Amino acid sequence: MTNLLWLQAGSCGGCTMSVLDHGARGWVRELQNFGIDLLWHPSLSEESGEEAIAILGDVAAGRTPLDFLCIEGSILRGPNGSGLYNRFAGTGRTMLSWVRELAPLADYCIAVGTCASYGGVHAAQPDPADASGLQYEGSISGGVLGPDFRARSGLPVINVAGCAPHPGWIMETLAALQMGDFDESDLDRLGRPKFFAKTLAHHGCERNEYYEFKASAEKLSDLGCLMEHLGCKATQAVGDCNQRAWNGGGSCTHGGFSCVACTSPAFEQTEDFLRTPKVGGIPVGLPLDMPKAWFVALAALSKSATPDRVRQNATSDRVVRDPRRAGGHDE
């Protein structure tokens with residue numbers, strides 16, 4: 001068995017909640033299936049107080065091998081770099097101090113969630129806690145461990161970004177590492193595993209017919225594409241969110257809400273998550289998977305060819321024009 005230690009820093013606990021139901025018998029059993037022992041988790045483990053502190057002490061002293069160090073939540077460096085805004089209860093030490101001591105002892109260091117990866121919500125301006133990710137501060141390499149940090153395996157911090165990450169992203173990263181089927185070439189330029197970061201949240205979205213015809217929703221309850229007016233960034237956000245179910249079903253856009261690009265650095269700096277910034281009537285943020293000039297030209301062409309059925313359904317909360325009418329043929 002290999003050992004996994006999970007620590008929570010500046011966190012809401014959402015990443016833990018996301019992963020709990022992974023696997024047919026739950027996440028802890030799934031870890032065991034892959035030969036991974038959950039050494040300690042602040043929310044799930046029975047050990048607390050002196051017992052928990054003893055576990056950390058044994059790891060720090062090298063008496064207990066540390067294979068996986070998972071950090072959930074941003075590292076709070078304030079005030080003035082002391083880290084005192086986030087102390088590890090009972091140890092007399094800050095989480096900043098513990099992370100800097102334990103990370104070099106781990107074979108693999110995994111930032112679970114966008115907070116641990118890039119700073120996340122806690123790093124939103126004015127950022128009084130001076131929050132940071134493990135190896136990134138926003139999109140700038142560095143963070144609390146520095147740009148040159150490498151775990152014992154030689155890998156940098158692995159950023160399983162998301163707010164919260166899909167449970168499969170977390171478990172599949174751990175499983176790939178455990179099986180030796182993961183190296184630095186499997187990370188994108190921001191340290192995210194490519195198996196989920198090589199696609200966009202837009203791919204597989206059930207609203208794609210509306211997107212193709214640029215038939216846009218005007219309010220959240222509408223069926224149409226959320227990109228033009230309601231702030232959806234799925235065409236700019238990495239993740240296979242719409243290609244796999246979340247704990248049985250659903251995604252943000254499936255639930256009727258705009259994608260906020262939560263796998264991206266500084267997503268929290270968005271002024272209004274439900275409004276699309278525009279210049280001259282054209283959205284500022286355009287799709288990453290095609291040239292911007294093409295998109296602008298095709299958008300005008302698509303709108304001119306939008307079937308009445310699609311246009312009417314786009315601004316309704318239910319299908320008001322059935323595609324099966326007129327013998328199955330659209331207008």
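Note that the structure is a prediction, hence the values are computed from the model and not measured.
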Quick one: does any side-chain atom of [X] pair with a main-chain N or O of [Y] as donor and acceptor, under 3.5 Å?
| X | Y | result |
| --- | --- | --- |
| S97 | R93 | no |
| T114 | A161 | no |
| Q312 | V320 | no |
| K214 | T306 | no |
| T173 | W169 | yes |
| R207 | G224 | yes |
| R321 | D308 | no |
| T64 | V59 | no |
| N159 | L190 | yes |
| K278 | E228 | yes |

Please round to the nearest 0.5 Å and tell me the distance separating atom [atom1] of [X] and atom [atom2] of [Y].
| X | Y | atom1 | atom2 | value |
| --- | --- | --- | --- | --- |
| M95 | F88 | CE | CZ | 5.0 Å |
| C109 | L145 | SG | CG | 6.0 Å |
| L56 | L7 | CG | CG | 6.0 Å |
| W6 | C70 | CH2 | SG | 5.5 Å |
| E72 | I110 | CD | CD1 | 13.0 Å |

Answer with yes or no whether the side chains of [Y] and [X] bring together a donor and an acceptor at under 3.5 Å.
| X | Y | value |
| --- | --- | --- |
| T199 | H203 | yes |
| D183 | S185 | yes |
| N86 | T94 | no |
| T2 | Q178 | yes |
| W246 | S251 | no |
| T16 | H41 | yes |

Before you tell me yes or no, could you show the steps for V99 and L69 under side-chain contact (heavy atoms from CB on, under 4.5 Å), namely the whole-Å CA-CA distance, both residues' side-chain angles and the distance that decides it to 0.1 Å? CA-CA 9 Å; V99 167; L69 175 64; 5.5 Å; no

Trace of the side-chain contact (heavy atoms from CB on, under 4.5 Å) decision for L102 with L5: CA-CA 10 Å; L102 296 177; L5 176 64; 3.9 Å; yes

Around [X], counting heavy atoms of other residues, nucleotides and ligands shown, do more than 12 lie under 6.0 Å from its [atom1]?
| X | atom1 | answer |
| --- | --- | --- |
| R311 | CZ | yes |
| R63 | CZ | yes |
| K219 | NZ | yes |
| D272 | CG | yes |
| Q125 | CD | yes |
| Q269 | CD | yes |

Stepwise, does the salt bridge (Lys or Arg N to Asp or Glu O under 4.0 Å) test hold for E184 with R150? CA-CA 11 Å; E184 196 161 353; R150 292 293 184 272; 3.6 Å; yes

Distance-minimising heavy-atom pair for [X] and [Y]:
| X | Y | value |
| --- | --- | --- |
| G10 | C115 | O-CB, 4.4 Å |
| C259 | A237 | SG-CB, 3.8 Å |
| A60 | E101 | CB-OE2, 3.3 Å |
| L38 | L4 | CD1-CD2, 3.4 Å |
| T263 | Y118 | O-CE1, 3.8 Å |
| C241 | A201 | SG-CB, 4.2 Å |

Hey, does [Y] have a side-chain heavy atom less than 4.5 Å from the side chain of [X]?
| X | Y | answer |
| --- | --- | --- |
| F267 | C163 | yes |
| P156 | L187 | yes |
| V144 | L96 | yes |

W40/E47 under side chain to side chain donor-acceptor pair (under 3.5 Å): CA gap, chis, key distance, verdict: CA-CA 8 Å; W40 189 73; E47 298 88 352; 4.6 Å; no

Should D107 and R152 be marked as a salt bridge (Lys or Arg N to Asp or Glu O under 4.0 Å) after you check the CA-CA gap, both sets of side-chain angles, and the distance that decides it? CA-CA 4 Å; D107 287 340; R152 285 162 52 92; 3.1 Å; yes

Would you mind writing out the side-chain donor-acceptor pairs for residues 126-140 within the sub-3.5 Å range, not counting sequence neighbours?
residue	atom	partner	partner atom	Å
D127	OD1	D130	N	3.1
D127	OD1	A131	N	2.9
D127	OD2	A131	N	3.3
D130	OD1	R77	NH2	2.8
Q135	OE1	V157	N	2.8
Q135	NE2	G146	O	3.1
Q135	NE2	P147	O	3.2
Q135	NE2	F149	O	3.1
Y136	OH	R189	O	3.1
E137	OE1	R77	NH1	3.4
E137	OE1	R77	NH2	3.4
E137	OE2	R77	NH2	2.8

Parallel, tilted or perpendicular, as decided by the 30° and 60° cut-offs, for the rings of Y108 and F68: parallel

May I have the step-by-step check of side-chain contact (heavy atoms from CB on, under 4.5 Å) for L274 and F257, ending in yes or no? CA-CA 9 Å; L274 297 179; F257 201 85; 3.6 Å; yes

Could you go step by step and tell me if E206 and H254 meet the side chain to side chain donor-acceptor pair (under 3.5 Å) rule? CA-CA 7 Å; E206 62 186 30; H254 176 81; 2.9 Å; yes

Could you go step by step and tell me if K233 and T270 meet the side chain to side chain donor-acceptor pair (under 3.5 Å) rule? CA-CA 11 Å; K233 296 181 179 178; T270 301; 2.9 Å; yes

Could you pull out all residues at least two apart from H202 that satisfy ring-ring contact (aromatic ring centres under 6.0 Å, His included)? Y211

Going through the checks in order, is the side-chain contact (heavy atoms from CB on, under 4.5 Å) test met by L177 and L155? CA-CA 11 Å; L177 291 169; L155 290 180; 4.1 Å; yes

Before giving the answer on side chain to side chain donor-acceptor pair (under 3.5 Å), spell out for N242 and T253 the whole-Å C-alpha distance, their side-chain angles and the decisive distance to 0.1 Å. CA-CA 8 Å; N242 279 304; T253 55; 3.2 Å; yes

Answer yes if M171 and L44 sit in the same cluster of Ile, Leu, Val, Met, Phe, Trp and Tyr residues linked by side chain heavy atoms under 4.5 Å apart, and no otherwise. yes

